[in-house]
Structures are given as C-alpha cells and as structure tokens.
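Residue numbers begin at 1 in each chain, while the letters A, B, ... track the order of the sequences. Computed from heavy atoms alone, side chains included, the values below leave out hydrogens, waters and symmetry copies.
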Protein chains: 2
Amino acid sequence: MRIGELAVRTGVSKDALRFYEKIGLIEGDRLPNGYRDFPPETVPWLQYVRTAQTLGFTLAEIARHGAELKEAPDSAEALSALFEDKIRVVDARMAELAALRAELTGRVGTGCPLRA
Amino acid sequence: MRIGELAVRTGVSKDALRFYEKIGLIEGDRLPNGYRDFPPETVPWLQYVRTAQTLGFTLAEIARHGAELKEAPDSAEALSALFEDKIRVVDARMAELAALRAELTGRVGTGCPLRA
DNA sequence: CTAGACAGCGGAGTACGCTCCAAGGTCAAG
DNA sequence: CTTGACCTTGGAGCGTACTCCGCTGTCTAG
C-alpha cells in the first residue's frame with residue numbers, strides 16, 4: 001500500500017510516516033517508480049505504536065521493542081510479555097492518578113495550596 | 001529561599017527553576033542584591049508540578065491551572081469547583097488508561113501484529 | 001496532451017522542556 | 001584582599017516528534 005492510503009487508514013500523516021521510516025519504526029519496499037510500498041500489517045503495527053506512545057514510550061523505545069520482537073523466535077509469547085509489562089505501566093500510572101485524585105478530593109473545601 | 005536551596009529541596013535544577021519562572025510557573029521576589037527569593041510554599045507547589053507532569057500535563061497547562069487558582073475569589077466554593085474540575089480531568093485520564101488496559105489485556109496471548 | 005492527484009526529496013521551522021555556557025556581580029570566611 | 005561558593009543575564013544548543021515548504025517526478029482520466 002502506498003503512503004497516502006496508509007495515512008488515511010491509520011490517521012498518521014504522510015510526513016509522520018516518512019519520519020517513522022527514517023527512524024526505522026516502519027519499513028516498506030519501493031515500487032519501480034520509487035514510491036513507498038508498505039505491507040498491510042503496517043496498519044495494526046501503527047495502531048500498536050500509537051497505543052505505546054500514549055503509554056509514554058518514546059518512538060526509539062517502540063522501534064527497539066519492535067526489532068526485538070522481529071528477532072524473537074516465539075513472537076506470541078514475547079508479545080504477551082510485552083503487553084503484560086505495559087499493563088503494569090498502565091496500572092502504575094492509574095495508581096498515581098488515584099493518589100492525585102485522593103489528594104484533590106481531600107482539598108475540596110479546604111484552603112489553597114498556593115497561598116501561605 | 002534562594003534558588004540553590006530550592007533546587008536542592010525539590011530536586012529541580014536551578015536552570016529549570018529559572019525556566020519555570022520565565023514561563024510563569026513559579027514566582028519569587030528579589031533580594032536587594034538581585035538574587036531570587038522564593039517563598040516556602042514553592043516547595044510543595046513544585047512537588048505538585050512534578051506529579052502533574054508525570055501524569056502528562058504540560059507545563060503550560062499546569063501554569064494555567066495555577067494561575068486560575070491564584071485568581072479565584074478566595075471562597076471555599078470557587079476553590080472546590082476548581083478542584084472538582086481537576087478531578088474530572090483526572091477521571092477522564094483514568095478512563096482512557098482503563099480502556100488501554102482492557103485493550104492490552106485482550107491482546108495478551110494473541111498473535112504478533114508485526115507479522116502477516 | 002494536459003490537468004490534477006499523488007509521490008519523492010531535502011531542509012527549514014515549531015513546540016516543549018530543558019541544559020550548558022560565558023561573562024560577570026555578591027558575599028562570607030580566612 | 002583573595003578565594004570560593006553562590007548568584008545574575010543572555011543566548012546557544014539539544015532531543016523528541018513532528019509539520020510545512022518548495023520543487024520535481026509519476027500516473028491516470030478526459
């Protein structure tokens with residue numbers, strides 16, 4: 001699939017896709033005319049990238065994990081482990097939010113922390 | 001308190017503190033010699049800033065919230081409303097994370113999105 | 001054959017959140 | 001009076017993750 005279709009199907013801009021290719025986050029062949037030609041599995045991969053990004057992973061980290069997964073023989077198992085890691089990250093973040101929420105709730109009706 | 005002590009007590013670098021002052025995230029007086037002089041409540045405020053930052057709020061957002069708090073009429077009602085707004089923001093973020101967590105949980109044990 | 005959609009490339013620019021540097025002023029201790 | 005810690009300013013630079021731009025090439029429909 002060419003870059004325009006991939007952009008439409010993933011909601012990632014063409015410029016961003018070219019940038020992702022440059023940093024090795026996605027890969028594609030080239031058509032005889034020089035146009036990029038991405039395989040269909042790039043679509044779920046980019047959805048995964050977006051998810052990972054939301055969880056606070058940098059593109060470099062995501063690219064590195066992707067490379068590790070491609071090299072791993074037992075990919076389903078490796079992926080599950082990765083997902084479980086991320087779930088732990090999410091849980092930690094949710095716990096932080098819960099703590100902040102509790103702090104805020106406790107302050108409702110009290111004084112302002114910005115004044116003396 | 002001068003900038004060095006504030007840096008030590010909060011773990012925020014002096015350069016970062018000067019940057020924060022420039023963008024209006026923190027405020028301080030000046031001593032007769034020109035040195036910055038921060039009030040003690042800057043310490044908990046910076047801890048709050050760090051918490052908010054790790055939760056994904058930008059410094060601009062944090063500064064804006066801080067400004068709203070400072071400008072709010074000093075009534076428990078107005079302050080409570082602001083805190084409740086913030087709690088709603090936190091709740092929304094937690095809901096997003098919960099959705100992501102569900103998505104990840106559903107993918108554990110499934111195939112790899114990197115291969116066809 | 002031409003218009004228009006699509007693609008390519010390189011490079012500049014942007015926003016965020018700092019960090020580092022140079023050159024210099026302030027102040028307490030020895 | 002000097003040393004050294006501490007402070008000032010302005011400006012440059014950096015990493016991340018893009019976005020925008022101009023110019024050029026490709027392909028398809030009328």
Q.
Do A:Q53 and A:R50 pair up side chain to side chain, a donor and an acceptor below 3.5 Å, judged on atom types alone?
A. yes

Euclidean distance, atom [atom1] of residue [X] to atom [atom2] of [N] [Å, nearest integer]:
X	N	atom1	atom2	value
A:R9	C:dC6	CZ	C1'	17 Å
B:L31	C:dC27	CG	P	9 Å
B:L17	C:dG17	CG	C1'	13 Å

**Q.** Those residues that, when tested against B:E27, pass salt bridge (Lys or Arg N to Asp or Glu O under 4.0 Å) (two or more places apart)
**A.**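 Here the qualifying residues are B:K70.
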
Q: Summarise how protein sits on nucleotides 2-19 of chain D as a single string, 5' to 3': B when a protein heavy atom is under 4.0 Å from the base, S for sugar-phosphate-only contact, - for no contact.
A: ----BSBB-------BBB

Q: Please check if A:W45 and A:I23 belong to a single hydrophobic cluster, counting links between Ile, Leu, Val, Met, Phe, Trp and Tyr side chain heavy atoms closer than 4.5 Å.
A: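 Yes; tracing contacts between hydrophobic side chains, which count when under 4.5 Å, links both residues.
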
Q.
Suppose we screen for side-chain hydrogen bond (donor to acceptor under 3.5 Å, both in side chains). Which residues come up paired with A:D37, at least two apart in sequence or across chains?
A.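 By the side-chain hydrogen bond (donor to acceptor under 3.5 Å, both in side chains) rule, A:D37 matches no residue at all.
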
Q: Heavy atoms only: give me the nearest A:V43-A:M1 pair and the separation to one decimal.
A: CG2-CE, 4.1 Å

